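Because the structure is a prediction, the values reported are computed rather than measured.
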Amino acid sequence: MLTTGTIAPLFTLPDDSGSLISLKSLRGSPVVLFFYPKDNTAGCTAEACSFRNQWAAVRKSGALVYGISPDGEASHRKFRTRFKLPFPLLVDADHAVAEAYEVWAEKRLFGHRYFGILRTTFLIDPKGRIGKIFERVNPLGHAGLVLEALNA
């Protein structure tokens, strides 16, 4: 079980432009990983735009921000372009990283069961340890809470 203080699971994923992003290569900077269910949906758009709207303050904190979902590169690229998101979106098509971070789970909607992303954000410190976990994220204003934690 992932908890504050544990080493964040390492991964390498393609971003919305096809470049590979490796968590190990980001050591030395705080990293915000926000797992979200699907591009271009109301909650996911609100969450991503929340980070966009706080971008200057997030960058001032020195943090690197990455959104992660199972959507593909083309979907991420359209989502990022449409909402002018200044941070990369990572493709976790087989949800292996979501599973490693324990955010891939059974969900229910209108009596139907399916597997998907539990909206969760991880703050990873410059040494690669999990500094804070935000579970059951409310997408509205979420970036403000993350920013408070980054500046604490």
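- Residues Glu47 and Thr121 approach most closely at OE2-OG1, 3.8 Å, considering heavy atoms.
- Annotation: side chain of Leu150 is in contact with side chain of Val32 (closest heavy-atom distance under 4.5 Å).
- Here the CG atom belonging to Leu33 is positioned 11.0 Å from the CD1 atom belonging to Ile133, to the nearest 0.5 angstrom.
- Nearest heavy-atom pair, Ser50 versus Pro139, reported as atom, atom and distance to 0.1 Å: CB-O, 4.0 Å.
- Linking Ile, Leu, Val, Met, Phe, Trp and Tyr residues whenever their side-chain heavy atoms come within less than 4.5 Å leaves Ile68 and Leu85 in two separate clusters.
- Atom CZ of Arg27 has more than 12 heavy atoms from other residues, nucleotides or ligands within 6.0 Å.
- Proximity of a side-chain donor or acceptor of Arg129 to a complementary backbone N or O of Thr4 within less than 3.5 Å is not detected.
- Between Lys78 and Asp39, the closest side-chain pair of non-hydrogen atoms is not below 4.5 Å.
- Residues in residues 4-31 take part in no ring pair (Phe, Tyr, Trp, His ring centres under 6.0 Å) pair, two or more places apart or across chains.
- Shown here are the salt bridge (Lys or Arg N to Asp or Glu O under 4.0 Å) partners of Arg108, two or more places apart in sequence or in another chain: there are none.
- Under the 4.5 Å side-chain contact rule for hydrophobic residues, Ile7 and Ile124 do not share a cluster.
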Does the pair Leu147 and Val58 meet the rule for a side-chain contact (heavy atoms from CB on, under 4.5 Å), with working shown? CA-CA 6 Å; Leu147 191 57; Val58 171; 4.1 Å; yes
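- Judged by distance alone, the side chain of Arg59 and the main-chain N or O of Ala63 form a donor-acceptor pair under 3.5 Å.
- Using a 4.5 Å heavy-atom cutoff, the side chains of Arg119 and Cys44 are in contact.
- In this structure, CG in Leu145 is found 8.5 Å from CG in Asn138, a value given to the nearest 0.5 Å.
- The cluster map of Ile, Leu, Val, Met, Phe, Trp and Tyr, joined by side-chain heavy atoms under 4.5 Å apart, puts Ile130 and Leu64 in the same cluster.
- Checking side-chain atoms of Thr81 against main-chain N and O of Arg77 turns up a donor-acceptor pair under 3.5 Å.
- Put simply, the side chain of Asp16 gets close to the backbone of Leu89: a donor and an acceptor are under 3.5 Å apart.
- Contact between Asp15 and Glu73 at its shortest, heavy atoms only, is O-CG, 3.7 Å.
- The line from NZ of Lys84 to CZ of Arg52 is 8.5 Å long, rounded to the nearest 0.5 Å.
- Within the structure, the ring pair (Phe, Tyr, Trp, His ring centres under 6.0 Å) test picks out the following pairs touching residues 133-152 (sequence neighbours left out): Phe51-His142, Phe134-His142.
- Counting only heavy atoms from C-beta outward, the side chains of Phe122 and Val31 never approach each other to under 4.5 Å.
- A pairwise comparison of heavy atoms in Pro9 and Leu23 identifies O-CD2, 3.3 Å as the closest pair.
- Contact between His76 and Tyr36 at its shortest, heavy atoms only, is CE1-OH, 3.1 Å.
- Cluster membership for Tyr101 and Phe34, using ILVMFWY side-chain heavy atoms within less than 4.5 angstrom, is not shared.
- At a threshold of 4.5 Å between non-hydrogen side-chain atoms, the residues Leu13 and Tyr66 do not count as touching.
- Interatomic distance, Ser19 OG to Leu90 CG, rounded to the nearest 0.5 Å: 10.5 Å.
- Val137 is not listed as a side-chain neighbour of Phe35, based on a closest heavy-atom distance of 4.5 Å or more.
- Side-chain contact between Gln54 and Val146: absent, with no pair of heavy atoms (C-beta onward) separated by less than 4.5 Å.
- Put simply, the side chain of Leu118 reaches to within 4.5 Å of the side chain of Lys107, judged on heavy atoms.
- Judged by distance alone, with hydrogens and angles left aside, the side-chain atoms of Ser75 form no donor-acceptor pair with the main-chain N or O of Gly72 at under 3.5 Å.
- Of all the heavy atoms in Trp104 and Pro70, the pair that sits closest is CZ3-CG, 3.9 Å.
- A distance-only check finds no donor-acceptor pair linking the side chain of Ser69 to the backbone of Lys38 [under 3.5 Å].
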